[in-house]
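Letters A, B, ... mirror the listed sequences (proteins, then strands); counts begin at 1.
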Amino acid sequence: MTALAVRRTLQAVVVLLGVSVVTFALVHLVPGDPVRLALGTRFDQATYDALRERAGLDQPLVVQYLQWIGRAVTGDLGVSFRSGDPVTALILERLPATLSLALASILVALLIAVPLGTASALRPRSFVDGAATVLSQIGISVPEFWMGIMLILLFAGTLGWFPSSGYVPFTEDPALWLRSLVLPAVTTGLVSGSVLTRFTRSSVLEALGAEHVRTARAKGLPPRAVLDWHVLRNALLPLVTVTGVQLAYLLSGVVVVEIVFAWPGLGQLALQAVEARDYPVLQGAVLLFAFVFLLLNLVVDLLYSRLDPRISA
Amino acid sequence: MSAAAAPVRPRRNRFLAGARLLLGSPPALFAALVLVGVVLVALFDDQVAPSGANDVDVQQRLQPPGAGHWFGTDDLGRDVLSRVVLGAKVSLQVGVVAVGFSLVCGVLVGLFAGFYGRWLDTALMRLMDVLFAFPAMLLAIAVIAILGPGTTNAMIAIGITYTPVFARVTRAAVLGVRESVFVRASRSVGASDPRLLFRHVLPNALPPIIVQTSVSLAFAVLAEAALSFVGLGTQPPAPSWGRMLAEGRGYVDLAWWIAVFPGLAIVVLVLAFNLLGDGLRDVLDPQQRSALEAARARSGRRRRRTPGRTS
Amino acid sequence: MTDPVTDPVTGPAHGGGTVLDVRDLRVRVDTARGTADIVNGLSYSVAAGETVAVVGESGSGKSVSVLALLGLLPGHARVSGTAAFRGRDLLAMSEAELRTVRGNGIGMVFQDPMTSLNPVLTVGRQLTEGLLAHGRAGGRKAARARAAELLADVGLPDPRGALDRYPHELSGGMRQRVVIAIALSGDPALLIADEATTALDVTVQAQILELVAGLQRERGTGVVWITHDLGVVAGTADRVLVMYGGRCVEDGSVDDVFEAPAHPYTRGLLGALPALHDEDGADGAPAERPDLVAIGGTPPPPTDLPPGCVFWPRCPVRGDERCATEQPPLVPVRGSGPVPHRAATFYGERLQQTEVGA
């Protein structure tokens, strides 16, 4: 268990180092002078010099990298070329919106996937199974942003039940926060839910065919106990992994959905940074996303090994 | 030598049997028909489209779908149907080129890593791990941040993003066949490494790669649409489905059709690639294949799936 | 209907009486290739304390025939006949009634202890859930105590500690002991062992056979032992039923069936198949492998059984012109004891003249 944890963590650290190199290289791969590009028409020599020095661009590359990574570890990701604000502060400001959306989406996805995937597996080739198969197949083929637009058209436009865009912080008004969250969360939740429904279905089908299920029935257990303890418990274990991967995907994959719903999250920040050629902000966002992505995958791996007694031994 | 090549030999028959099995499944048949249709439309788009992509007609702006304009017109009076038809070429082009890029790079990396093993394997696969650690959309955005927006750069960005998947799939398949009898037999009769790799190892590692190609085409079409939607892919005034959605979004209350039809086009194309991928998986995965044939014989269908869109 | 059997070998049956009486059991499944006749009119009975071995190749319908008794077949299987368990017909029971019998009156041990236990639940949990479901323990505490006793009964070292172990932490033999403990947890009158030792290595196999025999002596349990391994049959069974193509082709006491097999299939299993028309009868197949390999070919598909004797297509004897067209009935052949020795063949008595392994 601990040996596995240590090995996995070391692997993740190695990959993270690679990630940091690639992220660092981002600024330096840009043809031309990134600071000059970022300043564009607002160019003035004093700001230019200050930014270059602050970004350490006048130093050798290796030194620059070491300085950058050294600061990043302490939480200092530099300052925005645009506003001069610390990147860390900009990111922290956006984090609650993205976290709310990702967590709400995964909740929606699970609420769809577990009952639907299970029902579908329990009655293969039934109407429910057919409908679930077709819908989830369509679900994974729909671009999230289009789904968002369609939901806005229906529920914000025609029906007027939810706001079409915008985010209300939880601390400001929990009720409005929830209302603003519904459409974007359903949008991404439906897509992730489709992936998870397919997975749940195949996982439950596999568990149903397992021989220990026959043993359980031969014991004279009531059907409910057989289903809960000998089918679902086994089938939903691997779902933990897939859900974790989906969550990691959601945290970063919601970029485009954030644009559709004018959601002030990290994805929007990253895109704005690209448009403004604000490289430190982009670097910071990319590094954070990759870090979270790796961290979640690691956590899921370790969590799974705890949940499945076969691995922890 | 003939013994060494045996597993690949009865290719033609297996191909025909496979094709028959594939097209015998209604979803895969549907997918194949849709794809043939989209390719034909893209090839003859000038003849199919009722008007040009950018024939502006201000008199006719925001017309609902009707006899004159089946899919209606947009805010500049351009015919939505024509733009959807002409957008098919962009989507297909980006998809095919980007996936071709990932395919070539990823398969080469996977082949060498899997075949030679040792430090080369470690180095290459760690590099792939690093690329894989970036969430796909974000990596594409970052690459475009460097290269600048545009259709070509979108292809490269998407291509880089999906390279690690091909590398992993190929490597796993190569590891599976590397120690097999026929590869060792070829080696013992002195076949050169490249010959061994491309004549023996690759063909036998091909099935999962083919499946991955189909699935990746679906991802690539989605990614191109997403990039164009946020303004980083195909630039106006070229007709691209993602771009059209972005433009139609502002008018969604007034003119739903501008956003609905390009979106439907994306769904149909992506769905076709996904269904084809599923069908190919069923046919090409040998274990599943025999199960499938048995299941068909019993007139039932039940298959195991792996999650599709995970990163 | 035959009389309840008193076995000459082990003496009078413990507690007496028939535990299970199966009459004309049939299982059919509809498939796209037609109706599969998996079990075709199987009849046998098991007395308390008695072991009946059901022998056959895979695909002979032997496992299906016992799964059918407990209603453990998929819903589309059509089961007919009667199976009186302590006087009540299992096949006429509702699912709820069957649940009171499963794991309670009838315990079942499956083939592969690697897969027949749930890998993600502790041994204790898997033992106690049956006890609790049948109301055989007051509460969780009492159930755990009882579970530990059961594990001790089946010879598991450190039974208390084993309760909190997961199946993969135990060896194959220990796991099968756990499965047996589960099967015994309901004090069953009948124990069904479906290839219970097949997946185990030989020494462990012997231990498990010994264990079951011991428990059976103590408790007077009737045992149905499904196997393809004649070694298991010889060592444990009182009576044998040989199945082929879903039918009983021969049954009788172990001694009779082993010493004077009447059906060519049984003789094939025993490794000797002298041809009838071969006058000297000396060039039979070598006898050193009492295995199914001795018979060429494979069993007929259950969707396409031959019209006559099910064994006819593979039969090296074909000693009667009716074989191909007429189903030979199960008729008495030469036997030694009170247990009738029967075989479904037209020329059983003649075949019995030749010696096995000659």
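No more than 12 heavy atoms of other residues, nucleotides or ligands lie within 6.0 Å of CZ in A:Phe291, so this atom counts as exposed by the packing criterion.
Heavy atoms closer than 4.5 Å to chain A are found nowhere in B:Val221, neither backbone nor side chain. The parts of B:Leu264 that come within reach of chain A are both its backbone and its side chain, each placing non-hydrogen atoms under 4.5 angstrom from that chain. Using a 4.5 Å cut-off between heavy atoms, A:Ile259 contacts chain B through both its backbone and its side chain. Neither the backbone nor the side chain of A:Gln283 comes within contact range of chain B; no heavy atoms are under 4.5 Å apart. Proximity to chain B (any heavy atom under 4.5 Å) is shown, for A:Val260, by both the backbone and the side chain. Interface remark: B:Ala218 contributes no atoms to any contact with chain A (heavy atom separation under 4.5 Å). For A:Tyr279, the part sitting under 4.5 Å from any heavy atom of chain B is the side chain, from C-beta outward, and nothing else.
The residue among B:Ala272, B:Gly242, B:Ala225 with the most heavy atom pairs within less than 4.5 Å of chain A is B:Ala225. Interface summary for chain B: among A:Leu282, A:Leu271, A:Leu294, A:Val21, the most heavy-atom pairs under 4.5 angstrom belong to A:Leu271. If you tally non-hydrogen atom pairs under 4.5 Å between each of A:Thr23, A:Val19, A:Val134 and chain B, the highest count goes to A:Val19. Heavy-atom pairs under 4.5 Å with chain A were tallied for B:Asp129, B:Leu131, B:Val230, B:Val143; the largest tally goes to B:Val230. When each of A:Leu196, A:Leu153, A:Asn297 is scored by its heavy-atom pairs under 4.5 Å with chain B, the top score falls to A:Leu153.
Taking 4.0 Å as the cut-off between side-chain N and carboxylate O, A:Arg8 and A:Asp301 count as a salt-bridged pair. The residues B:Arg83 and B:Glu247 are annotated as salt-bridged, a charged nitrogen and a carboxylate oxygen being separated by less than 4.0 angstrom.
Counted by atom type alone, B:Gln235 and B:Arg243 present zero donor-acceptor pairs between their side chains at under 3.5 Å. Side chains of A:Asn234 and A:Glu206: no donor on one and acceptor on the other come within 3.5 Å. Defined by atom type and a distance below 3.5 Å, a donor-acceptor pair is missing between the side-chain atoms of A:Gln137 and A:Thr133. Side chains of A:Ser136 and A:Ser194: no donor on one and acceptor on the other come within 3.5 Å.
Looking at A:Thr200 and A:Leu236, their side chains come closer than 4.5 Å, going by heavy atoms from C-beta outward.
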